[in-house]
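Remarks on the structure that follows.
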Amino acid sequence: MRRILSGMQPTNRLQLGNYLGALRNWVALQDQNYQCLYCVVDMHAITQPYDAATLAQSTREAAAAYIAAGVDPKKCILFVQSAVADLHAELMWYLATMTQIGKLNRMTQFKDKAGKDSERVGLGLYAYPVLMAADILLYKATHVPVGHDQKQHLELAREIAATFNHRYGQDFFPQPEPQILGEATRVMSLRDGTQKMSKSDPSDLSRINLTDDADMIADKIKRAKTDPHPLPDTVEGLAGRPEADNLLTIYAALSGRAKADVVAEFAGQQFSQFKPKLAEVCVAALSPITARMRELLQDPAEIDAILRDGGSQAREIGAPVMADVRKIMGLWS
Ligand code: TYM
């Protein structure tokens, strides 16, 4: 059985990178002969400072964004991580006993998020990749569609699965395969083409949120950082021009075209000619999602019902896996 598990943190609002790097691929994959589990990972979101008063609503909004982008709760299991918190946390603990801290020390996202203050950040942030491995292995997922930034976490999940299998002499967990798909696996900040576009960047001008309206999108693109040269006539000409590369990549991904094709179309043009065109494709792609999201959020009870149902379906898959894990590991229960 081919099974997909993927998730997003309900931190602030979802942004274009989440959409192009992950969400859009989730939607395509639900029709390709996988059982798909898509999760809102609220237990990951609390590893950094957050607002308890708004977390549940952000979780609902993330679920609404999944559905608005095309994730179909009739085809997929759509759930919240904390609805199955006992199993995710339990498996995380077991996996933590077989995760070397040397490997956690090498996680670049931890280093980025902890910054200079790594002695004072919480254990949860450090152990975050182990919880992510538990999310995937709890459901014996075989495939994990994510953006490029999650590659290292997935490699760790594969190593942990192999360690478990080796230590207990069983071929129990499958090796989860990363699916890093499409033209835009790494969408960069609009303010700095060398930094990833991120929900947590303090500047809202750095990203396009799935909830931005047409005027905001056009304004952010207009103000996006560029360089003084006209657009190049080959993809190779984008080398050393991270902002130009990023904007053309976004255009290609949103219009469903190859980057080389888009570069050829805009060759020699100024950013001032290209940017309005980019704003147009952005608005065309995102405005139906934003509108549908708004509609869905009018009825939070309906979203909660979908999530509750998804939670029990996820539990049905995860509970027997956990029962086997306890037995294999020799726990008394
Ligand atoms: P998160 O919430 O940071 O991002 C969710 C998804 O969006 C992708 N993404 C991007 N892709 C391209 N360009 C960008 N600028 C960009 N920003 C984000 C991410 O790669 C991701 O696929 N640790 C994960 C959440 C997680 C998870 C899991 C994922 C927890 N458990 C189990 C898969 C399987 C995270 O923080 O994603």
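All ligand and atom numbering here is 1-based and tracks the order in the structure.
The local environment of CZ in R223 is sparse, with at most 12 non-hydrogen atoms from other residues, nucleotides or ligands closer than 6.0 Å. Under a cut-off of 6.0 angstrom, the local environment of CD in Q175 is crowded, with over 12 non-hydrogen atoms contributed by other residues, nucleotides or ligands. More than 12 heavy atoms of other residues, nucleotides or ligands sit less than 6.0 Å from atom NZ of K111.
For atom 37 (O) of ligand 1, the nearest protein heavy atom (residue, atom name, distance) is Q150 NE2, 3.8 Å. Scanning the protein for heavy atoms near atom 22 (O) of ligand 1, the closest one is G147 N, 3.1 Å. Among protein heavy atoms, the minimum distance from atom 18 (C) of ligand 1 is reached at N18 ND2, 3.2 Å. Of all protein heavy atoms, the one lying nearest to atom 1 (P) of ligand 1 is K199 NZ, 3.7 Å. Shortest contact from atom 13 (N) of ligand 1 to any protein heavy atom: V187 N, 2.8 Å. Looking from atom 11 (N) of ligand 1 to the surrounding protein, the closest heavy atom is G17 O, 3.1 Å. Closest to atom 25 (C) of ligand 1, if we only count protein heavy atoms, is G7 O, 3.6 Å.
In the hydrophobic clustering of ILVMFWY residues, with side-chain heavy atoms under 4.5 Å counting as a link, Y50 and Y126 come out apart.
With hydrogens and angles left out, the side-chain atoms of D72 and Q30 include no donor and acceptor closer than 3.5 Å. With hydrogens and angles left out, the side-chain atoms of Y34 and Q179 include a donor and acceptor closer than 3.5 Å.
Looking at V40, V146, I136, D149 and measuring to atom 19 (C) of ligand 1, the nearest heavy atom belongs to D149. Among R207, M8, M132, the residue whose heavy atom lies nearest to atom 27 (C) of ligand 1 is M132. Taking only non-hydrogen atoms, the option from Y19, Y128, Y139 nearest to atom 36 (O) of ligand 1 is Y128.
Not a single heavy atom of Q109 sits less than 4.0 Å from an atom of ligand 1. Proximity of S6 to ligand 1 is established by a heavy-atom distance of less than 4.0 Å. Taking 4.0 Å as the cut-off, Q15 counts as a neighbour of ligand 1 on heavy-atom distance.
Salt bridge annotation for K74-D309: absent, with no cationic side-chain nitrogen under 4.0 angstrom from a carboxylate oxygen. A salt bridge links R257 to D261: at least one charged side-chain nitrogen sits closer than 4.0 Å to a carboxylate oxygen.
Of all atoms in ligand 1, listed by their number and element, those nearer than 4.0 Å to a heavy atom of A22 are 6 (C), 7 (O), 22 (O). Distances below 4.0 Å separate heavy atoms of R186 from the following atoms of ligand 1: 12 (C), 13 (N). Each of the following atoms of ligand 1 lies closer than 4.0 Å to a heavy atom of G21: 11 (N), 12 (C). For ligand 1, the atoms lying closer than 4.0 Å to a non-hydrogen atom of Q9 are 2 (O), 35 (C), 36 (O). Each of the atoms 11 (N), 12 (C), 13 (N) of ligand 1 lies under 4.0 Å from some heavy atom of T185. Atoms of ligand 1 lying under 4.0 Å from at least one heavy atom of K196, given by number and element, are 15 (N). Less than 4.0 angstrom separates some heavy atom of D135 from each of these atoms of ligand 1: 28 (C), 30 (C), 31 (N). If you number the atoms of ligand 1 from 1 as listed, the ones under 4.0 Å from a heavy atom of V144 come out as 33 (C), 34 (C).
Under the 6.0 Å distance and 45° angle rule, K259 does not count as a cation-pi partner of Y251.
The line from CE of M322 to CG of L87 is 6.5 Å long, rounded to the nearest 0.5 Å. Expressed to the nearest 0.5 Å, how far OG of S82 lies from CG of D42 amounts to 3.5 Å.
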Going through the distances and angles, do R60 and D304 end up as a salt bridge (Lys or Arg N to Asp or Glu O under 4.0 Å)?
CA-CA 7 Å; R60 241 175 243 123; D304 287 345; 2.9 Å; yes
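Residues Q100 and E159 fail the side-chain proximity criterion, which asks for heavy atoms closer than 4.5 Å.
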